[in-house]
Amino acid sequence: MSNAAALRLRHALETAAVPVRPGVDQAVVHAFERIMTGHTEHTDGTFTVAALCAEAGISRATYYRSPLAKIITGLLREPDAPRPQTDVLAAEIARLKRAERALRSQHAAERREAHTTIATYANHIQALSLHNAELEVENTALREALQRGGTLTALPPRSTASAPQLDETPEA
């Protein structure tokens, strides 16, 4: 518990004019402070009456008979009351889980976009591979025509869909 939270508890005890008696009351105060700081010895650190009693080593009936029960309950009902570290951590866990869900959603959207981009590139690669294969066939045909002694005529630039044109002279 921070110094301010410890001071608030001490101040609440002093203004209530209730002396902290050795034994039960002192055990309740120490258990309260251990729970608020997150240094519990016998519980999981949640701030409940049962946890406070277990931490103090007293029964619930004994706790409720103590004048400190009313003071501690009143102190925790204040809006800016100190909270146990477990409550703060639980709120932080909830915030982090919301952030994780948002990041997972964003990651999923980025993956979908990446898969779409990959599919588009794969289609482009396939089209370029087909065009390259057509050009290789055309190039092979032109080389064969040159080896057979044919003449080649230069053609104007062609579109990508036109077929190769060969001008071969028959061999005599």
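If you read the sequence from its start, that first residue is 1, and numbering goes on from there.
Scanning both residues, Tyr63 and Cys53, for their nearest heavy atoms gives CB-SG, 3.5 Å.
By the side chain to side chain contact (heavy atoms under 4.5 Å, CB included) test, Ala127 is found to be paired with no residue, residues two or more places apart in sequence or in another chain being considered. Applying the side chain to side chain donor-acceptor pair (under 3.5 Å) test to Ser59 and every residue at least two apart in sequence or in another chain returns Thr62. Under the side chain to side chain contact (heavy atoms under 4.5 Å, CB included) criterion, Glu41 pairs with Arg34, Glu55, not counting sequence neighbours. The salt bridge (Lys or Arg N to Asp or Glu O under 4.0 Å) test applied to Arg112 returns no partner, not counting sequence neighbours.
Distance check: Arg65 CZ to Asp25 CG gives 12.0 Å after rounding to the nearest 0.5 Å. Ile118 CD1 to Ile125 CD1: the interatomic distance, rounded to the nearest 0.5 Å, is 10.0 Å. Atom CZ in Phe32 sits 10.5 Å away from atom CG in Leu68 (nearest 0.5 Å).
Identified under the salt bridge (Lys or Arg N to Asp or Glu O under 4.0 Å) test for residues 96-106, with sequence neighbours left out: Glu100-Arg104. Legend: side-chain hydrogen bond (donor to acceptor under 3.5 Å, both in side chains) pairs involving residues 117-128, not counting sequence neighbours: none detected.
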Practice task
For the pair His115 and Arg111, evaluate side chain to side chain contact (heavy atoms under 4.5 Å, CB included) and give the outcome as yes or no after the intermediate values.
Solution key: CA-CA 6 Å; His115 283 291; Arg111 283 186 57 135; 3.8 Å; yes
